[in-house]
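Please read the structure below before turning to the comments.
No experiment lies behind these values; they were computed from the predicted model shown.
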Amino acid sequence: PLDVGLQSAFTVEMWITQNAVNGAGTLFSEDELGFDTTGAFNITVLSNGALQFEVNNLDNLTTATGLVTTGVPMHVAVTHDSTAGAGNDNTFIYIDGVEVASGEVTSPSIASDLLVGRRGLGDGFEGESAELRIHDSALAPGVIQDGFDNQTLPDDAGLIAYYTFN
């Protein structure tokens, strides 16, 4: 597992295709395998087709239902920036380059292992991930759109992890 300490400002982008819906399926998590650590975070597709960014046992931001559908490849991104200031939206969820949810969410408070396709206690994602990008800043909407439209190069500024699962 990789530990990059995603706490104050970050972006996680993934290309996914959900193959089946059998409960919640975690796309990405910064948590300890076998635990559901308070302050760790997860990005999860819920059984109703909503996408959720959750800080374990503290806070979450959830999109409308039905946005993630079985068999449809899509680009999902979550940005978080704790420096936005109290009372300001600091977390944004995008699907295919379009903002689908925003809100003020508690910042993750631990640095732990990065898990792809599951969270500490399970909730495995039933589908495929083609690419994962992790940035050390909350990317602007235009950059998210560009990430949807174009392949990221491994030497892009602020890119701290890049995985292809082709």
Checklist entry - Would you call the rings of Phe41 and Phe10 parallel, tilted or perpendicular if under 30° counts as parallel and over 60° as perpendicular? => result parallel

Checklist entry - Just one of Ile93, Val98, Val100 clears the side chain to side chain contact (heavy atoms under 4.5 Å, CB included) bar with Leu67, so which one? => result Val100

Next on the checklist: If hydrophobic clusters are built by linking Ile, Leu, Val, Met, Phe, Trp and Tyr wherever their side-chain heavy atoms come under 4.5 Å apart, do Val72 and Leu46 end up in the same one?
Outcome noted: no

Next on the checklist: For a 4.5 angstrom cut-off between non-hydrogen side-chain atoms, does Tyr162 reach Leu132?
Outcome noted: no

Next on the checklist: Using 30° and 60° as the class boundaries, would you call the ring planes of His75 and Phe148 parallel, tilted or perpendicular?
Outcome noted: tilted

Checklist outcome for this item: Heavy-atom nearest pair, Ala50 first then Thr62, reads CB-CG2, 3.8 Å

Checklist entry - side-chain contact (heavy atoms from CB on, under 4.5 Å) between Thr79 and Asp81: does it pass, once the steps are laid out? => result CA-CA 7 Å; Thr79 67; Asp81 186 354; over 6 Å; no

Checklist outcome for this item: Result for side chain to side chain contact (heavy atoms under 4.5 Å, CB included) between Leu27 and one of Val116, Val78, Leu51, Val68 points to Leu51

Item to check | Heavy-atom closest contact (Glu13 atom, Gly147 atom, distance) | outcome: OE2-CA, 3.9 Å

Checklist entry - Would you say the side-chain atoms of Asn42 pair up with the backbone N or O of Thr44, donor to acceptor, closer than 3.5 Å? => result no

Next on the checklist: Within the structure provided, determine whether Phe125 and Val45 are in side-chain contact (heavy-atom separation under 4.5 Å).
Outcome noted: yes

Item to check | Worked verdict on Met74 versus Val76 for side-chain contact (heavy atoms from CB on, under 4.5 Å) | outcome: CA-CA 6 Å; Met74 60 185 51; Val76 299; 4.2 Å; yes

Item to check | Flag side-chain contact, heavy atom, 4.5 Å: Thr26 against Ile43 | outcome: no

Checklist entry - Taking atom CD of Gln18 and atom OG1 of Thr70, what is their separation to the nearest 0.5 Å? => result 4.5 Å

Checklist entry - Between the side chain of Arg133 and the main-chain N/O of Ala77, is any donor-acceptor distance below 3.5 Å? => result no

Checklist entry - Given the rule that I, L, V, M, F, W and Y join up when any side-chain heavy atoms are under 4.5 Å apart, are Trp15 and Tyr163 in one cluster? => result no

Checklist entry - Mind checking whether Glu128 and Pro73 have side chains closer than 4.5 Å, heavy atoms only? => result no

Checklist entry - Any idea which heavy atoms bring Ala138 and His80 closest together, and the distance? => result CB-O, 3.6 Å

Next on the checklist: Measuring only between side-chain heavy atoms, which start at C-beta, is Gln52 closer than 4.5 Å to Leu61?
Outcome noted: no

Checklist entry - Is there a side-chain contact between Val12 and Phe53 (heavy atoms, below 4.5 Å)? => result no

Item to check | All pairs passing salt bridge (Lys or Arg N to Asp or Glu O under 4.0 Å) where residues 42-67 contributes a residue, at least two apart | outcome: Glu54-Arg119

Checklist outcome for this item: Students should find that the hydrophobic cluster of Leu139, defined by side-chain heavy atoms under 4.5 Å apart, otherwise consists of Phe92, Tyr94, Val143, Ile144

Item to check | Separation between CD of Glu99 and OG1 of Thr63, rounded to the nearest 0.5 Å | outcome: 12.0 Å

